[in-house]
Amino acid sequence: MVGVLFEYEAADIAEFGYGAIMRTGRATPTPAQAVSRQAVKAPFNNRMRTPLWQQLFVFLVGFSIQFNVLIGGSGGGALETGTFGYRFSDFIALIAFGLLCLYALAPQRLLPLGLFGMFIAALYFFAMLSPEPRTSILAKHYILYTLAGIYVAMIVNDPVALSRFCWGLILGGVASVPIFSLESAGYSSALIDWGLVPGYSHVFEGLVRSLPRYSGLSGHPNEAGHVAALSAAAGAYFAYVKRRYLPLALAAASILLIFYYTWSRGGLVAGGVVLFIPFVLSRGRTEVWRLPLMIAAFVVVLVAITQLDFVMSRFENDPNISNNIAGRIDSTTYALGAILSHPFGTSMEDFYSIVGSGTGGTNSAHNGFLFFGGIFGVLPLLALLMVFLANFIIRDETDIFFALLTLQVGISYSFEQLSGAYSYAFITSIMMARLLLKTRLGAIFQAPLGRSNRLRRWGIPPRPGTPSLKS
């Protein structure tokens, strides 16, 4: 495309001369020239547009992260997969990986992809070799998800494709609500047989309210609440960037309804904080009256929510809240000790044993960063923290979405060890893959075939007869 622009510049100079261009800043083409130039530019513009099938695919990726059904094992979870079972996201990731391999069938792309693969495998190498099945399988999932995330991240760089991905997250959350309704209506056994509810999921009864806490498609009510919160970044993105509030309303409604069934305080907080951002921040030129009006509207909504008994009872009537806080502090302390004593990571079984030994049997670290570092090691944890920090560098619309998503995932990670949940493993891997694509190696990997002089640095010249891009 830059080569075509250089051709325009040469044609302008030849026809109008340097003086005319210097006086006007640019040469004004005749109508015939304008038509001709549009014809030349059209093929390049078409290449920049994401094909419809790729838009539908990234929609399916977002949908699968939210509506991540269990496949195989009649809903009980296959033992050979570490009691987690095969998830919908696993099959979507395999398709994305296959498409990535097809995309990379060129010498100048194979080398960057090979280096990416070596780096990703090195991050999870020790955990992948663990004799404990769950640890090894989780590491293999991260490798698969990150490689698949490279392909997904390339597509969502297009704002149109990103909107489809966001709609997938939102509608996947909306589609999850009926699962909880059917659980509460007494159809849990049938849902397990259909694979919509895992057989190892937890249902908590005997609470201060009559309605139990349900897990839906996830293994734990807290995990289900935080997975629902993933749609908050999509809703906030539409409101903040596009000024479209229907997606935000759908995301907020699904998060609140799922909270009703899961009673997950962390999920409600993580989603609510992100959904609040478009009401206090504004992009571009904004009328003076708009900000106070939006804040007032948000306050009215917030007050209305606090009048819902199922919301306030979770925050006010929990008799175990003091023990919960003390237990989280103890689990955090022992999880840090596990990371320092095992800098290259340890198995899930050993990590749970270390944390549980100091908390009276509570083996959860209640923190996604600590769980990630405890299982995979210090260096992968540092890489994860670098990904989170880098995603707050904003240059375009796609960066805005990933900044909102990173904020939500970071809040959720501070509540629960969600880095062990497949939906969060996939979304975190996409974030990491996107950072890889921002490197110089990523630029080479994404360059059009035979159109980059930078390939010569790797000893691979462009194809003969094709113009080069000048940087």
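Just so you know, these numbers use all the heavy atoms, side chains as well, and skip hydrogens, waters and symmetry mates.
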- Item | Smallest separation among heavy atoms of Y334 and V355, with atom names | CB-CA, 4.0 Å
- Ring-ring centroid check F445 Y103, cutoff 6.0 Å: yes
- What orientation do F180 and Y261 show, parallel under 30°, tilted 30 to 60°, or perpendicular over 60°? parallel
- Please state whether the rings of F372 and Y124 are parallel, tilted or perpendicular, taking 30° and 60° as the class boundaries. perpendicular
- Query: Is the backbone N or O of M128 less than 3.5 Å from a side-chain atom of S136, with the two atoms forming a donor-acceptor pair by type?
  - Reply: yes
- Query: Do S353 and E349 have a side chain donor and acceptor closer than 3.5 Å?
  - Reply: no
- Sort and list the pairs that fulfil side-chain hydrogen bond (donor to acceptor under 3.5 Å, both in side chains) and have at least one residue in residues 159-180, not counting sequence neighbours. Q55-R164
- Query: Should the heavy atoms of other residues, nucleotides or ligands under 6.0 Å from CZ of F392 be counted, would the total exceed 12?
  - Reply: yes
- Query: Any donor and acceptor pair, going by atom type alone, linking the side chain of Q66 with main-chain N or O of V227 inside 3.5 Å?
  - Reply: yes
- Flag the pair D399 and R434 as a salt bridge only when some basic side-chain nitrogen lies within less than 4.0 angstrom of an acidic carboxylate oxygen. yes
- Between S89 and Y145, a side-chain donor and acceptor under 3.5 Å: yes
- Look up atom CD1 in I65 and atom CG in L169, then write down how far apart they are to the nearest 0.5 Å. 5.5 Å
- Stepwise side-chain hydrogen bond (donor to acceptor under 3.5 Å, both in side chains) test for E397 and Y240: CA-CA 10 Å; E397 291 184 4; Y240 183 76; over 6 Å; no
- Query: Checking side-chain hydrogen bond (donor to acceptor under 3.5 Å, both in side chains) for the pair S412/E416: CA distance, chi angles, key distance, verdict?
  - Reply: CA-CA 6 Å; S412 292; E416 298 294 339; over 6 Å; no
- Task: Kindly check if the number of other-residue, nucleotide or ligand heavy atoms within 6.0 Å of CZ (F91) is above 12?
- Result: yes
